[in-house]
Amino acid sequence: MFETFEKIELSAQSWLFLAPCWSQLTYQNVVQTIDWEQHYIQLFGRSVKEPRLSAWIADPHCSYRYSGQRRAPKAWPELLTQLRTDLSDVCQVPFNSVLANLYRNGNDAMGWHSDDERELGGAPMIASLSFGSERRFLLRERSSKNKIGELQLGHGSLLLMAGDTQLQYQHCIAQTKRMVAPRINLTFRHVVSKSASFE
Ligand SMILES: O=C(O)CCC(=O)C(=O)O
Ligand SMILES: [Fe+2]
């Protein structure tokens, strides 16, 4: 199915597929289409800014919980509708949502996590598109916390996370002291059930 992708086998059940130059869009194309928001997380009872901007864009029934917060979906801009159609075709997954993240500089990052929310089902295929500066995407085993590898996700790259990747591994975007220009990442997801059933 993914002839043009490099297949990276993490384990017998977990795979990544990487296409380094999948999209021809520019960083400007993408940054302008999204209505970016600053969100907050609760840390030791205090409200702290997330170290990035983000937006949850999804079909109306797909709300999403992340860091204990429930996000109502924003409507699909035209450009992302097109990307969703193309990616659904490539992956044979009816993507109905996308989490967009904007890392403004090297201080912006995302901590270790798995995308294992119940809303995404058992073994979700997640399609991750990157634009702008290259950043390090690290992987570690969930049980031992041993780092198992890293990928440089450059402009236009498409990374597919498949099988039990979310069950067995965590990933993060590391901070860097290097001067780096902004980076956008879009993770297309398929929310399986109406969020109302999890309330
Ligand atoms: O920015 C990235 O490449 C990763 C984003 C991510 O892990 C997520 O949105 O869940
Ligand atoms: Fe993630």
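Sequential numbering from 1 along the given sequence is applied to the chain's residues. Remember, it's 1-based here, ligands and their atoms both numbered in the order they're listed. All of these numbers come straight from a predicted model, not from anything done at the bench.
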Less than 3.5 Å apart, any donor N or O on the side chain of Arg142 or Gln170 sitting next to an acceptor on the other? no

So which bit of Ile126 gets within less than 4.0 Å of ligand 1, heavy atoms only: side chain, backbone, both or neither? neither

Taking only heavy atoms of His171, which atoms of ligand 1 are found under 4.0 Å from at least one of them? 7 (O)

Rounding to 10°, state the angle centred on the Fe ion (ligand 2) that links NE2 in His113 with NE2 in His171. 90°

Just verifying a value: how many Å separate Gln175 CD and Asp108 CG, rounded to the nearest 0.5 Å? 8.5 Å

Given side chains that start at C-beta, do those of Asp115 and Thr187 come closer than 4.5 Å, heavy atoms only? no

Provide the atom name of the closest N, O or S atom of Asp115 relative to the Fe ion (ligand 2). OD2

With a 4.5 Å cut-off on side-chain heavy-atom distances among I, L, V, M, F, W and Y, is there a chain of contacts connecting Val180 to Phe137? no

Non-hydrogen atoms of Arg189 versus ligand 1: any pair closer than 4.0 Å? yes

Which one of Arg136, Gln166, Met110, Arg183 has a non-hydrogen atom at the shortest distance from atom 3 (O) of ligand 1? Arg183

Numbering as shown, the atoms of ligand 1 that approach Leu99 to under 4.0 Å (heavy-atom distance): 9 (O)

Quick check on the hydrophobic clustering: are Leu159 and Leu138 connected, directly or via other members, by side-chain heavy-atom contacts under 4.5 Å? no

Which distance, rounded to the nearest 0.5 Å, do you find between the NE2 of His155 and the OG of Ser23? 6.5 Å

Identify the closest protein heavy atom to atom 1 (O) of ligand 1: which residue and atom is it, and at what distance? Tyr103 OH, 2.6 Å

Report, in ascending order of atom number, the atoms of ligand 1 lying under 4.0 Å from any heavy atom of Asp115. 10 (O)

Starting from atom 4 (C) of ligand 1, find the nearest protein heavy-atom neighbour and note its residue, name and distance. Asn185 OD1, 3.8 Å

Are Trp22 and Leu87 close enough that some pair of their side-chain heavy atoms sits under 4.5 Å apart? yes

Within the structure provided, determine whether Trp15 and Lys7 are in side-chain contact (heavy-atom separation under 4.5 Å). yes

With a 4.0 Å cut-off on heavy atoms, is His113 touching ligand 1? yes

Under 4.0 Å from one or more heavy atoms of Asn101, ligand 1 contributes atoms 9 (O)

Which atoms of ligand 1 have any heavy atom of Ile173 under 4.0 Å away? 1 (O), 2 (C), 3 (O), 4 (C)

Test of understanding: clusters of I, L, V, M, F, W, Y form through side-chain heavy atoms closer than 4.5 Å, transitively. Do Leu16 and Trp112 belong to the same one? no

